[in-house]
Peer 1: 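Let me begin by handing over the structure; questions about it come next.
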2 protein chains.
Amino acid sequence: MPRLNQQFMTVKAGHQIKCQSEARDDVLVLCSGWAFRYIQLSDGGRQILRFLLPGDIFSPAAIFSKGMSFSAKALTEVEVSRLDGEEVRTQCRADELVMMEVFRSLGDNGRASYELITVLGQRPAERRIAHLLLSLIRRIAAHGEIPDQRYPFPLKQQHIADAVGLTSVHVSRVLALFRERNILTLADRTLQVTDPAALERLAALN
Amino acid sequence: MPRLNQQFMTVKAGHQIKCQSEARDDVLVLCSGWAFRYIQLSDGGRQILRFLLPGDIFSPAAIFSKGMSFSAKALTEVEVSRLDGEEVRTQCRADELVMMEVFRSLGDNGRASYELITVLGQRPAERRIAHLLLSLIRRIAAHGEIPDQRYPFPLKQQHIADAVGLTSVHVSRVLALFRERNILTLADRTLQVTDPAALERLAALN
DNA sequence: CGTCGGGTTGAAGATTGTCAATCGTAGTGG
DNA sequence: CCACTACGATTGACAATCTTCAACCCGACG
């Protein structure tokens with residue numbers, strides 16, 4: 001099994017990793033830190049499509065299909081590995097497990113997209129934010145056991161706002177509400193959940 | 001090249017084609033009529049994820065990845081072809097072109113999802129509706145040349161509402177506005193566009 | 001002729017956005 | 001060590017957008 005050619009880079013917090021019209025056909029993988037995919041609108045708005053954690057592929061869909069145009073930015077300082085697209089494709093054909101991994105990633109992203117569409121279309125502010133927080137918590141927990149319901153959480157309120165389609169002002173108010181109701185506290189780059197059941201009730205998508 | 005086993009069914013307008021927890025691992029293809037994918041919420045709300053036109057696969061992602069759970073309904077009377085999942089997968093491995101077709105479909109759906117997320121998160125009612133209408137127009141036009149900017153359009157206002165995350169009452173008001181401004185008229189299962197440029201301006205995602 | 005589904009309209013209220021001021025904290029440079 | 005600054009979070013007042021509820025219309029259809 002040939003080792004794939006890879007090339008590393010590190011990007012500082014807040015800086016661009018990939019822009020909408022990136023021509024190159026490479027596969028980027030997040031090795032450490034947090035990042036996010038987003039679409040930049042000309043009127044200054046931006047929609048965050050998904051947050052990326054270590055191990056995530058920046059654009060799994062782009063491996064087999066052209067023309068996904070979104071940008072990606074580093075949320076914290078990150079390390080990114082760049083693989084040649086063609087090598088990845090031949091590797092997929094050769095190794096069933098690699099292929100499966102790519103499909104799993106594609107499936108996760110698709111499911112997350114549909115959930116986000118549903119949340120944005122059908123849920124009020126509180127429940128949108130609860131859903132985002134719980135989704136992230138689950139993914140963080142899958143990466144390593146977390147003591148005590150305290151999760152590392154590098155997002156600013158503006159990121160939450162851009163992810164769930166609200167203003168940062170409104171996000172601030174909703175988080176204040178959560179704090180008053182003793183559901184969770186978000187401060188100091190840490191998310192502490194005090195009432196996980198309540199959070200799940202709000203985030204539920206049934 | 002072996003002909004795939006297929007089995008046809010027709011479903012009347014408004015009836016279920018596939019439900020969220022469909023266990024069977026088959027590939028459904030829409031042969032005629034319109035349908036839509038959606039997620040049903042327990043509180044009565046529903047989010048329409050995508051409208052399907054003839055030739056569309058109900059769940060391209062499900063071919064290679066488990067656990068996409070949405071339902072599908074017929075919008076008009078439809079004909080659906082059912083293929084065995086396993087046969088489709090072996091066919092994909094055998095025939096590069098079939099594989100490419102599936103990837104194209106996956107890519108289209110992914111792109112559409114990201115656009116919908118952006119529209120729902122960042123755009124007000126008018127622009128959401130404009131975006132939906134224009135997307136549909138483009139797809140209809142791709143299916144056969146259309147004279148005169150008059151498009152067949154089987155959606156009720158409730159469908160538009162569930163697709164863009166608004167109430168049907170508000171959809172009605174926005175459509176009235178479009179009519180007053182001579183942008184388009186929606187009546188009688190036909191969509192007539194009188195000012196395509198204005199529609200594109202509203203629908204634009206830049 | 002009645003009724004039913006879908007569309008339209010008005011009035012009132014809830015949710016969310018906008019604008020602007022304030023505050024706290026962490027640099028940064030003198 | 002002390003301004004000075006910059007950034008993010010918070011708060012209040014107000015406005016816009018969208019929903020809710022209810023009534024009504026109208027054409028299709030039994």
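These figures come from a predicted structure and were not determined experimentally. Every chain is numbered from 1 and lettered A, B, ... according to where its sequence line falls, protein lines coming before strand lines.
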Peer 1: Could you list by number each residue of residues 161-169 of chain A showing a heavy-atom separation from DNA chain D of less than 4.0 Å, or answer none if no residue does?
Peer 2: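 Residues of residues 161-169 of chain A under 4.0 Å from DNA chain D: A/Val169.
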Peer 1: Hey, does A/Phe8 have a side-chain heavy atom less than 4.5 Å from the side chain of A/Val80?
Peer 2: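 A side-chain contact is absent here, since even the closest heavy-atom pair is not under 4.5 Å.
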Peer 1: Side chain to side chain contact (heavy atoms under 4.5 Å, CB included) for A/Leu106 and B/Ser65? Distances and angles first, verdict last.
Peer 2: CA-CA 8 Å; A/Leu106 267 170; B/Ser65 157; over 6 Å; no
Peer 1: Touch check for B/Ala187, heavy atoms < 4.0 angstrom, all strands: base, sugar-phosphate only, or nothing?
Peer 2: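 No contact.
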Peer 1: Whether A/Arg179 contacts D/dT10 is assessed here as follows: a side-chain N or O lying under 4.0 Å from the phosphate OP1 or OP2. Is that the case?
Peer 2: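 Looking at the OP1 and OP2 atoms of D/dT10, one of them is under 4.0 Å from a side-chain N or O of A/Arg179.
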Peer 1: Would you confirm whether B/Glu87, through its side chain, and B/Asn5, through its main-chain N or O, come within 3.5 Å as a donor-acceptor pair?
Peer 2: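 Between the backbone of B/Asn5 and the side chain of B/Glu87 there is a qualifying donor-acceptor contact (under 3.5 Å).
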Peer 1: Do B/Lys73 and B/Ile48 make a side-chain contact, defined as non-hydrogen atoms from C-beta onward lying under 4.5 Å apart?
Peer 2: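 The answer is no, as the side chains (C-beta and beyond) never meet within the 4.5 Å cut-off.
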Peer 1: Decide yes or no for A/Leu41 and A/Gln47: does some side-chain heavy atom of the first lie under 4.5 Å from some side-chain heavy atom of the second?
Peer 2: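 No; the side chains remain at least 4.5 Å from each other.
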Peer 1: Quick one: B/Gln122 CD to D/dT17 C1', roughly how many Å, whole number?
Peer 2: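 Taking CD of B/Gln122 and C1' of D/dT17, I get 16 Å after rounding.
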Peer 1: Between C/dT15 atom C1' and A/Leu177 atom CG, what is the distance in whole Å?
Peer 2: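 The distance from CG of A/Leu177 to C1' of C/dT15 comes to 13 Å, rounded to the nearest Å.
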Peer 1: Residues two or more places apart in sequence or in another chain: which of them pass side-chain contact (heavy atoms from CB on, under 4.5 Å) with A/Asn206?
Peer 2: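 Partners of A/Asn206 by the side-chain contact (heavy atoms from CB on, under 4.5 Å) criterion, ordered by chain and then number, come out as A/Ala204, B/Ser42.
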Peer 1: Is A/Ser172 near enough to D/dA9 that one of its side-chain N or O atoms lies under 4.0 angstrom from OP1 or OP2?
Peer 2: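 For A/Ser172, the contact criterion (side-chain N or O under 4.0 Å from OP1 or OP2 of D/dA9) is not met.
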Peer 1: Mind calculating the distance between CD (A/Gln157) and C1' (D/dT10) to the nearest angstrom?
Peer 2: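 Roughly 8 Å, once rounded to whole Å.
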Peer 1: Separation of A/Asp43 atom CG from C/dG17 atom C1', in whole Å?
Peer 2: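 Atom CG in A/Asp43 sits about 14 Å away from atom C1' in C/dG17.
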Peer 1: With hydrogens left out and only the distance checked, is there a donor-acceptor pair under 3.5 Å joining B/Arg173's side chain and the base of C/dG10?
Peer 2: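 By the distance-only test, yes, there is a pair.
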Peer 1: Relative to B/Phe103, does A/Lys66 satisfy both conditions: NZ or CZ under 6.0 angstrom from the six-membered ring centre, and within 45 degrees of the ring's axis?
Peer 2: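 Relative to the ring axis of B/Phe103, which defines the angle, A/Lys66 lies outside at least one limit.
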Peer 1: Report for the helix from C/dC1-D/dG30 to C/dG30-D/dC1: angle between first-end and last-end helix axes, five pairs each, rounded to 10 degrees.
Peer 2: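 Result, rounded to 10 degrees: 30°.
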Peer 1: Using whole Å, report how far NZ of B/Lys156 lies from P of C/dT8.
Peer 2: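 These atoms are roughly 12 Å apart.
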Peer 1: Mind calculating the distance between CZ (A/Phe153) and P (D/dA9) to the nearest angstrom?
Peer 2: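 It works out to 11 Å between those atoms.
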Peer 1: Roughly, in whole Å, what's the span from CZ in A/Arg189 to P in C/dT25?
Peer 2: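 Spelled out: CZ on A/Arg189 to P on C/dT25 is 17 Å.
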Peer 1: Can you measure A/Leu175 atom CG to D/dG8 atom P for me and round it to whole angstrom units?
Peer 2: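 Atom-to-atom, A/Leu175 to D/dG8, this comes out as 16 Å.
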Peer 1: Among D/dG8, C/dT16, D/dC18, which is the nearest nucleotide to the side chain of B/His170?
Peer 2: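 When the side chain of B/His170 is considered, D/dC18 is the closest of D/dG8, C/dT16, D/dC18.
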Peer 1: Do the non-hydrogen side-chain atoms of B/Arg46 and B/Phe36 ever get within less than 4.5 Å of each other?
Peer 2: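 Yes, side chains in contact.
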Peer 1: Verify, without hydrogens or angle tests, whether A/Ser105 (side chain) and A/Glu101 (backbone) share a donor-acceptor contact under 3.5 angstrom.
Peer 2: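 Pair absent, no side-chain N/O of A/Ser105 close to backbone of A/Glu101.
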